[in-house]
K.L.:
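Structure provided below as structure tokens; questions to follow.
Since the model is a prediction, treat every value here as computed from it, not as a measurement.
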Amino acid sequence: MKKLLKPIILTLIVLSGLTFGAIFLLTKGEEETGEFGSRRYLEQSDQEDEHAYKYDTDSSAIPLIREGDNKNVLNFDTLNQFSITNTKAARERIERLKRRKAASYEDPLIALDPFGTVPNSYFFYFKTPQNCMIKVTITVADEKIPDLIRYIYNGETKNTTREHEFLVTGLIPGMTNYIIIEQIDENGSHREDRTYKVDVPEGKMPARFSYERGKSDLRLQNGTFFVFPNDQSEIYMYDNNGTSRGMLATDGAHGRRIYSTDKYLIYQVSGSRIVRIDRLGQVDAVGVFSGYDDIYDFAYDGYEHVFALIKNKGRYAILRTSMKGGNTELIYTFDKGVQITSISGVSAGNLYASSSSPAGIIRLDGLVSQKPRIGIVVGKTSDWKKTSAKKRIIDPSIEKKAAADDAAQGDTEDTDDKTGETEGESPDETDDTDSATGSAADAGYDPPVVGWDMSDVVLDLVEDESDGKTDTLSFAVHEDDLVHAVKVSIENKKKKKDIKALTLFDKEVEFDGKVFVQWGQRESVVITNGSRGRFEERDELFKVTREFDTQMGLGAVWKLNLEGMRYFG
């Protein structure tokens, strides 16, 4: 196997470098240009050494008080918080208070988690005489804990406005937290600030995870780790230093999936309900799969529809419902004996499902039409020949053999062009096998779904990388004692002869147990060993940046960049 990795290294170091460079240029928008943009990006990475807590911070801070004569924080009834009726009532109360109170920077309207979805968060509302943006810093007396800094996104031109409404999240449980609310002009210059303090009760989860630094010299990508513990119903948020930064409440179950857009978070709160909350924590919509108590996985199309994987009369099936209310529809039932393990996000009306038996990846087309149907199956022909999808199969082992034959033919034709170099060597070759990713076609071993154990696969639909013509999936599969972190691209054209499943990147990772993989921004990747309770982030060359140890079983870990949803990039 070590010999097989050598051709991977050369090919993928080049490919990964080119891919990373292209993605970096595409994602490095105007928000990161200029001195202020660069400073803002670094400050929000959770990895800066600045510490805002000073010797006089405590004595000058304004306590947040919920009861008594000096009360300055409003309390809301958060029972049944995932009811649209109740969340609208909370919003209406806020609007009444805003009309009655001339809330200013010096005397703001403050409420504790008014919508009941983000415990230990604080809602702020006030107006300022001039346009500005708001910078929030959360600091504690412990100098070993870096500050959490966020520039509040308000959606206005240059992100400045006179009316400010936002939710402060990221308070550390079991500590006195100091919240610095700072006015910033459009160039990032300081105007004035006020500091509040509040004691946050101990939580069920550790306030900090231990971590080890890896060999990568790169910083972790900006974002928040959403952690799904097996023995807790809430979803927990941790920063790049492994520090607890709050949680999302549920109604008894969190599933293993969360989606984000520039306005919303979408996640499971019970066995049959999916919610969508906005940047203030208000429940914007609820999808209820009526008549079904347990959904195994769910997918969101980015607009109105949600889809659920369930088991109905011994067969796996897909349900559809609306986030705005409506009936639950059973839209597709898989063949008897086909064991579906997960479903992915939705791309152009198509949904992907992973199957452990027969092993494969299924694309289900026409999700919003009357009759969804199988578009393709990536799998071994002999495994699927007795199913209804037998005419839709793309067999990677056949594709691999054809690629190998083409390569052999090419080697023969290039014989006269040899330059005298020793076979298998290159001036750019490296022995750093830990840092390389690889191409299955180059490696000479079977690509995914051919002889690999897919029983624990959780599909993730990676952001499209070819103008809507290709869907890219990531997942992890087992092969003997190794786990492969895999990235597969499947061309998404209508004519069967144009559909290909050729692009494959993988890396052998010495994990055991249940493993989950998510490709993130700028080719970073998060790999979670759910059985051991460890997760790590790797860079675009697959070197470990940082590895965290939770010491508990995990259903999944997702890293989300909440720029535009929670903060200004």
Side-chain angles (χ1 to χ4, degrees), residues 27-29 31-32 37 39-48 113 115 117-124 133-138 146-156 159 164-172 179 181 184 219-228 234-250 254 257-269 274-285 300 302 345 460-463 518-522 524-526 535 537 556-569:
T27 58
K28 186 177 174 61
E31 302 296 2
E32 290 179 34
R39 169 162 58 89
R40 191 172 63 234
Y41 183 83
L42 292 176
E43 285 180 330
Q44 295 179 123
S45 73
D46 310 330
Q47 298 166 86
E48 293 293 277
D113 183 24
F115 301 106
T117 57
V118 191
N120 299 322
S121 65
Y122 284 84
F123 168 89
F124 278 75
M133 70 180 73
I134 299 299
K135 175 184 176 182
V136 175
T137 300
I138 296 173
D147 295 344
L148 183 82
I149 298 174
R150 296 292 184 261
Y151 289 81
I152 301 299
Y153 177 80
N154 58 51
E156 300 296 330
N159 202 49
H164 307 273
E165 184 178 58
F166 54 92
L167 194 70
V168 173
T169 61
L171 304 182
I172 304 173
I179 305 168
I181 309 293
I184 300 289
R219 304 163 66 93
L220 274 72
Q221 295 299 313
N222 286 13
T224 299
F225 292 105
F226 287 80
V227 178
F228 291 65
E234 295 82 10
I235 301 170
Y236 293 86
M237 295 176 280
Y238 282 80
D239 67 17
N240 275 333
N241 296 296
T243 302
S244 176
R245 293 299 179 179
M247 64 181 177
L248 297 176
T250 73
H254 55 48
R257 183 83 66 173
I258 186 168
Y259 296 95
S260 67
T261 70
D262 59 351
K263 293 182 179 180
Y264 303 109
L265 287 176
I266 302 94
Y267 57 98
Q268 187 175 340
V269 296
I274 310 298
V275 300
R276 186 170 70 194
I277 66 170
D278 65 14
R279 58 175 59 96
L280 297 176
Q282 180 177 354
V283 177
D284 169 79
Y300 173 60
D460 178 31
L461 182 66
V462 181
E463 186 176 355
Q518 176 202 6
W519 247 268
Q521 58 175 332
R522 298 177 182 173
S524 66
V525 60
V526 176
F535 64 94
E537 183 171 332
V557 173
W558 296 88
K559 189 171 191 181
L560 302 180
N561 185 328
L562 301 179
E563 184 177 328
M565 193 271 173
R566 288 284 176 89
Y567 66 94
F568 185 46

K.L.:
I want to check something: taking the side chain as every heavy atom from C-beta on, are Ile181 and Phe166 in contact at a cut-off of under 4.5 Å?
P.N.:
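Counting from C-beta outward, Ile181 and Phe166 do come under 4.5 Å.
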
K.L.:
Taking Phe225 as the fixed residue, which of Trp558, Phe535, Tyr238 is the one that meets the ring pair (Phe, Tyr, Trp, His ring centres under 6.0 Å) rule?
P.N.:
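Passing option: Phe535.
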
K.L.:
Mind checking the CG-CD spacing from Asn154 to Glu165? Nearest 0.5 Å is all I need.
P.N.:
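Rounded to the nearest 0.5 Å, the CG-CD separation comes to 11.0 Å.
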
K.L.:
If you measure from OG on Ser121 to CG on Asp113, what distance do you get to the nearest 0.5 Å?
P.N.:
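These two atoms lie 4.0 Å from each other.
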
K.L.:
Is any side-chain heavy atom of Ile179 closer than 4.5 Å to a side-chain heavy atom of Leu171?
P.N.:
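Side chain of Ile179 against side chain of Leu171, heavy atoms only: contact under 4.5 Å found.
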
K.L.:
Measuring from atom OG1 of Thr117 to atom CG of Leu248, what distance do you get when rounded to the nearest 0.5 angstrom?
P.N.:
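Between atom OG1 of Thr117 and atom CG of Leu248 there are 7.0 Å.
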
K.L.:
Salt-bridged, Asp284 to Arg279, with N to O below 4.0 Å?
P.N.:
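Looking at Asp284 and Arg279, the cut-off is not met.
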
K.L.:
Which heavy atom of Asn222 sits nearest a heavy atom of Tyr41, and at what distance?
P.N.:
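Reported closest heavy-atom pair: ND2-O, 3.0 Å.
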
K.L.:
Output the distance between atom CE (Met565) and atom OG (Ser260), rounded to the nearest 0.5 Å.
P.N.:
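That separation rounds to 8.0 Å.
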
K.L.:
Take Leu461 and Trp519, measure what side chain to side chain contact (heavy atoms under 4.5 Å, CB included) needs, and give me the verdict at the end.
P.N.:
CA-CA 9 Å; Leu461 182 66; Trp519 247 268; over 6 Å; no

K.L.:
Quick check: closest heavy atoms across Leu148 and Thr169, and the distance to 0.1 Å?
P.N.:
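Of all heavy-atom pairs spanning Leu148 and Thr169, the closest is CD2-O, 3.9 Å.
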
K.L.:
Should Ile152 and Met133 be marked as a side chain to side chain contact (heavy atoms under 4.5 Å, CB included) after you check the CA-CA gap, both sets of side-chain angles, and the distance that decides it?
P.N.:
CA-CA 7 Å; Ile152 301 299; Met133 70 180 73; over 6 Å; no

K.L.:
Walk me through whether Val269 and Ile274 qualify under side chain to side chain contact (heavy atoms under 4.5 Å, CB included).
P.N.:
CA-CA 6 Å; Val269 296; Ile274 310 298; over 6 Å; no

K.L.:
Does Asn241 offer a backbone N or O that forms a donor-acceptor pair with the side chain of Asp239 under 3.5 Å?
P.N.:
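Yes.
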
K.L.:
I'd like to know if the side chain of Glu234 pairs up with that of Tyr236 as donor and acceptor (distance under 3.5 Å, no hydrogens or angles considered).
P.N.:
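Distance-only check passes for Glu234 and Tyr236.
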
K.L.:
Verify whether one side chain among Asn561 and Tyr567 offers a donor that lies under 3.5 Å from an acceptor in the other.
P.N.:
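A pair is found: one side chain offers a donor N or O, the other an acceptor, under 3.5 Å apart.
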
K.L.:
Quick one: are Gln47 and Leu220 in side-chain contact, heavy atoms under 4.5 Å?
P.N.:
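Yes, their side chains come closer than 4.5 Å.
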
K.L.:
Does Asp278 have any side chain to side chain contact (heavy atoms under 4.5 Å, CB included) partners at least two apart in sequence or in another chain, and if so, which?
P.N.:
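If we apply the side chain to side chain contact (heavy atoms under 4.5 Å, CB included) test to Asp278, skipping adjacent residues, the hits are Tyr264, Leu280, Gln282.
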
K.L.:
I'd like to know if Glu43 pairs up with Lys135 as an ion pair, taking the criterion as any Lys NZ or Arg NE/NH1/NH2 lying under 4.0 Å from an Asp or Glu carboxylate oxygen.
P.N.:
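Salt bridge: yes.
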
K.L.:
Could you go through the side chain to side chain contact (heavy atoms under 4.5 Å, CB included) check for Ile138 and Asp147 one step at a time?
P.N.:
CA-CA 6 Å; Ile138 296 173; Asp147 295 344; over 6 Å; no

K.L.:
Taking ring pair (Phe, Tyr, Trp, His ring centres under 6.0 Å) as the definition, give me every residue that meets it alongside Tyr151, ordered by chain and number, with sequence neighbours left out.
P.N.:
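Tyr151: ring pair (Phe, Tyr, Trp, His ring centres under 6.0 Å) contacts with Phe36.
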
K.L.:
Working to the nearest 0.5 Å, report the span between NZ of Lys263 and CZ of Arg566.
P.N.:
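Answer for the NZ-CZ pair, Lys263 versus Arg566, is 15.5 Å.
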
K.L.:
Let me confirm one number: the CD-CG distance from Gln518 to Asp460, rounded to the nearest 0.5 Å.
P.N.:
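Atom-to-atom, Gln518:CD and Asp460:CG are 5.5 Å apart.
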
K.L.:
Looking at side-chain heavy atoms only, is the closest gap between Pro119 and Met247 below 4.5 Å?
P.N.:
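Pro119 reaches Met247 side chain to side chain.
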
K.L.:
Please find the pair of heavy atoms, one from Glu537 and one from Ser524, that lie closest to each other, and give the distance.
P.N.:
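The answer is OE2-CB, 3.8 Å.
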
K.L.:
Looking only at side-chain N and O atoms, does Lys559 offer a donor or acceptor that is under 3.5 Å from a partner on Asn240?
P.N.:
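A donor-acceptor contact under 3.5 Å links the two side chains.
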
K.L.:
Are any of the side-chain heavy atoms of Ile235 and Val227 separated by less than 4.5 Å?
P.N.:
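Not in contact.
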
K.L.:
Would the distance check show the side chain of Arg150 and the main-chain N or O of Gln44 forming a donor-acceptor pair, the cut-off being under 3.5 Å?
P.N.:
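Yes; judged by distance alone, with no hydrogens or angles, the pair exists.
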
K.L.:
Tell me, please, which residues at least two apart from Tyr259 pass side chain to side chain contact (heavy atoms under 4.5 Å, CB included).
P.N.:
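Checked Tyr259 against side chain to side chain contact (heavy atoms under 4.5 Å, CB included); matches are Arg257, Ile266, Phe298, Ala299, Tyr300.
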
K.L.:
Under 4.0 Å between a side-chain nitrogen and a carboxylate oxygen: does that hold for Glu48 and Arg219?
P.N.:
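Answer for the salt bridge query: yes.
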
